[in-house]
There are 2 protein chains.
Amino acid sequence: MNSNNVTIYDVAREAGVSMATVSRVVNGNPNVKPTTRKKVQDAIDRLGYRPNAVARGLASKKTTTVGVIVPDISNIFFADLARGIEDVATMYKYNIILGNSDSSRDKEVHLLNTLLGKQVDGIIFMGGRLHEDLVEEFKKSPVPIVLAATLNQGYDLPAVNIDYEQAAYDATQMLINHGHDRVGFITGPLEQQINGEKKFAGYRRALEDAGLPFHENDMILGNYTYASGLEAMQKMLQRDDCPKAIFAGTDEMALGVIHAIQDAGYSVPNDFEVVGHDNTRLATMIRPKLTTVVQPMYDIGAVAMRLLTKILNAEEIEEKNVVLPHRIERRDSLRQD
Amino acid sequence: MNSNNVTIYDVAREAGVSMATVSRVVNGNPNVKPTTRKKVQDAIDRLGYRPNAVARGLASKKTTTVGVIVPDISNIFFADLARGIEDVATMYKYNIILGNSDSSRDKEVHLLNTLLGKQVDGIIFMGGRLHEDLVEEFKKSPVPIVLAATLNQGYDLPAVNIDYEQAAYDATQMLINHGHDRVGFITGPLEQQINGEKKFAGYRRALEDAGLPFHENDMILGNYTYASGLEAMQKMLQRDDCPKAIFAGTDEMALGVIHAIQDAGYSVPNDFEVVGHDNTRLATMIRPKLTTVVQPMYDIGAVAMRLLTKILNAEEIEEKNVVLPHRIERRDSLRQD
DNA sequence: TTTCCAAATGGAAACGTTTTATATCGCATG
DNA sequence: CATGCGATATAAAACGTTTCCATTTGGAAA
């Protein structure tokens with residue numbers, strides 16, 4: 001029997017009550033006599049009734065669905081984040097509509113509007129940078145928006161991040177403390193807020209605090225991929241004043257860096273030391289295993305979603321701008337102290 | 001101005017027409033005089049009207065949303081698949097509700113019912129094995145379901161896959177042709193249909209066709225992860241009759257295998273040859289680069305979604321059980337011929 | 001002109017719930 | 001034996017669209 005198209009009205013008739021009563025039973029409203037409740041529940045089971053969430057959404061103005069805008073779900077980084085979001089969402093009975101933006105302003109805006117049209121109860125946004133017109137749209141949004149692994153750039157938006165500046169500082173400092181007077185910085189495009197403002201700033205501050213000058217050409221920008229890390233390091237190796245310590249903006253780039261070094265006949269960590277960023281699963285899938293900044297992607301996603309549920313339930317919120325702790329996981333791409 | 005809560009009725013009044021006409025304009029119905037269309041469009045722009053997809057879904061019984069059930073989105077494999085699905089979905093104006101099942105029967109069934117309750121127009125399912133009660137639910141589904149990278153096990157369900165048996169055959173044969181009379185097979189649990197029935201069968205058939213016996217202990221089962229591949233190979237290396245050729249069930253396992261070999265002081269491909277499976281991005285992130293069976297995850301997702309749209313549009317379908325081509329990408333973990 | 005027909009528009013029902021205001025029931029209380 | 005009051009239950013009005021049917025409109029043909 002197709003459990004389809006049996007409505008609350010059918011159940012009501014079958015159970016000999018009104019649809020309002022069925023609605024109460026379905027929604028766990030306490031004002032129902034136990035015997036009635038049982039009668040209704042039996043009818044529901046007998047008919048295989050499944051509430052229509054669309055009708056429910058229209059009547060109640062709540063869809064128990066949240067939108068998730070992500071640059072690219074096939075990126076391990078965002079996939080992990082998404083998993084954190086989804087797990088907490090499930091916990092709170094929400095479902096997730098997922099959309100990829102490719103960090104394109106147009107797609108972001110379009111996606112946002114589609115999601116709002118679908119009446120999601122809230123949105124979690126990830127992106128490299130908040131374009132101005134996107135923020136405009138955010139302001140007009142009738143539902144709350146939470147940023148995950150995305151800086152709010154001073155706008156009054158709830159966000160969950162780590163302290164990227166400090167993390168980069170720590171990583172760079174760790175390398176400096178190992179006796180290097182030059183530290184290479186191989187990372188992604190500077191337009192990306194986190195990368196261009198935070199990591200870069202942390203890197204420079206660490207140099208500065210150590211009394212070291214910043215050399216323009218010790219920094220090479222790629223696109224976060226393995227190939228671009230490899231290529232950047234190859235380029236750097238051609239210089240005779242090549243830094244012997246490298247801080248890479250992502251683990252994937254770090255793998256490329258290590259391979260470039262090894263391909264050139266050098267050893268990590270004996271000749272070169274390398275620190276990565278993110279602590280993706282990749283970090284242990286290389287020899288030597290990668291020392292890396294731990295950015296808890298799953299947790300960021302989970303916390304962002306939890307924050308969203310708090311806003312939706314009008315729970316008290318201590319801090320809208322959450323900064324999760326980071327640390328550096330020491331593995332073999334760094335020499336023992 | 002909050003573009004919220006302005007309804008089709010407001011637009012109708014503003015434009016001096018009926019809501020039916022507004023509806024026609026919004027839906028691109030041709031039976032509207034150009035001047036009227038313009039008038040309505042202006043009113044829409046002026047008011048910032050955004051159609052309510054929930055109300056639309058209730059009235060039209062179409063939500064332009066499809067459900068996607070995936071074991072674990074944080075797995076690079078499924079993330080890639082999901083991206084393929086989403087891209088094609090976007091192309092056809094669908095959105096995606098994504099849910100993780102962790103391959104748990106209960107979660108799969110629960111997720112399915114939630115999605116059906118949300119009135120999705122169709123579902124794409126990925127999972128290691130089709131449990132019987134899940135198939136029961138599938139049969140009752142009022143909307144079409146397409147399997148992606150999941151065998152239909154003889155049930156009459158549309159599915160998109162590659163020929164896993166033949167792929168495993170090809171990989172094993174390639175190793176045999178390199179002069180090995182034993183080939184190790186390190187893979188995941190046999191309960192998983194694709195793994196336990198197809199890959200395993202292909203492996204055995206290749207041995208058989210080459211007149212080689214199947215040694216029970218040349219096969220080690222793990223859980224697809226890097227760590228389990230590493231561990232399995234370490235175990236195998238302890239045997240004095242250890243196979244010098246390894247076919248790994250996934251790239252991630254293959255990386256573990258290669259590292260185990262290297263850790264033991266041997267060389268790939270000189271001492272050992274290794275072939276992986278999937279051709280994830282990992283395959284090139286190792287030295288030597290991994291020779292691997294190409295399973296086009298993105299394409300499987302894309303084709304599965306396209307197939308679903310065909311079913312939804314009642315387009316003609318040549319073949320419901322799609323088998324995409326596979327091949328072996330030769331890289332350095334195999335010696336030159 | 002009138003007649004007719006297609007094109008354009010409008011009216012109202014339907015979609016399946018939630019929710020509010022209202023009614024009824026059962027029962028202790030005075 | 002009425003009275004009143006929670007506790008339950010009902011009826012009906014939203015919710016914002018689509019869609020079916022009916023009606024009007026504007027020309028072209030007669």
Side-chain angles (χ1 to χ4, degrees), chain A residues 2-41 43-44 47-65 114 116-121 142-143, chain B residues 2-41 43-44 47-65 114 116-121 142-143:
Chain A
N2 209 318
S3 65
N4 195 24
N5 67 26
V6 18
T7 75
I8 200 173
Y9 183 72
D10 299 324
V11 176
R13 181 154 27 82
E14 174 85 8
V17 300
S18 75
M19 37 189 287
T21 300
V22 177
S23 175
R24 284 196 204 89
V25 170
V26 169
N27 293 296
N29 185 310
N31 286 352
V32 182
K33 205 170 16 170
T35 64
T36 312
R37 181 182 303 280
K38 169 114 178 46
K39 218 167 42 177
V40 171
Q41 192 58 57
I44 287 176
L47 266 40
Y49 167 69
R50 173 193 298 134
N52 180 322
V54 172
R56 201 193 282 232
L58 184 59
S60 69
K61 297 174 165 298
K62 302 232 165 305
T63 54
T64 59
T65 302
T114 305
L116 293 178
K118 295 226 166 166
Q119 313 299 118
V120 295
D121 294 338
V143 301
Chain B
N2 210 319
S3 65
N4 195 24
N5 66 27
V6 19
T7 75
I8 199 172
Y9 184 72
D10 299 324
V11 176
R13 181 153 26 81
E14 175 85 8
V17 300
S18 75
M19 37 189 285
T21 299
V22 177
S23 175
R24 287 196 198 90
V25 170
V26 168
N27 294 295
N29 184 310
N31 286 353
V32 181
K33 209 174 7 172
T35 63
T36 311
R37 181 182 303 280
K38 170 113 178 44
K39 218 168 44 177
V40 171
Q41 192 58 57
I44 287 176
L47 266 41
Y49 167 69
R50 175 193 296 135
N52 180 324
V54 172
R56 201 194 283 232
L58 184 59
S60 69
K61 297 175 164 297
K62 302 234 165 303
T63 55
T64 59
T65 303
T114 305
L116 293 178
K118 295 226 166 167
Q119 313 299 119
V120 295
D121 294 339
V143 301

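Letters go in sequence order (proteins before strands), and every chain restarts at 1.
- Here the shortest heavy-atom pairing between B:Tyr49 and B:Val26 reads CE2-CG2, 4.0 Å.
- As judged by a 4.0 angstrom heavy-atom cut-off over every strand, B:Val26 is placed among residues making no nucleic acid contact.
- Using a 4.0 Å heavy-atom cutoff across all strands shown, B:Ser23 reaches at least one base atom of the nucleic acid.
- Counting only heavy atoms from C-beta outward, the side chains of B:Lys33 and B:Thr21 never approach each other to under 4.5 Å.
- Side-chain proximity of B:Arg24 to the nucleotides D:dT8, C:dG16, C:dG10 is greatest for C:dG10.
- For A:Val32, the side-chain atoms get nearest to D:dA9 when compared with the rest of D:dA9, D:dG16, C:dG10.
- Which of D:dG16, C:dT17, D:dT10 sits closest to the side chain of A:Asn52 comes down to C:dT17.
- Residue A:Thr21 is classed as a base contact, given a heavy-atom separation below 4.0 Å to a base.
- Looking at heavy-atom distances under 4.0 Å, B:Val17 makes contact with sugar-phosphate atoms alone, never a base.
- The shortest side-chain heavy-atom distance between A:Thr63 and A:Lys118 does not fall under the 4.5 Å cut-off.
- Side-chain nitrogen and oxygen atoms of B:Tyr49 include at least one within less than 4.0 Å of the OP1 or OP2 phosphate oxygen of D:dT17.
- By the 4.5 Å heavy-atom criterion applied to side chains, B:Gln119 and A:Asn52 are counted as neighbours.
- Nearest nucleotide to the A:Ala55 side chain, out of C:dG10, C:dA8, C:dT17: C:dT17.
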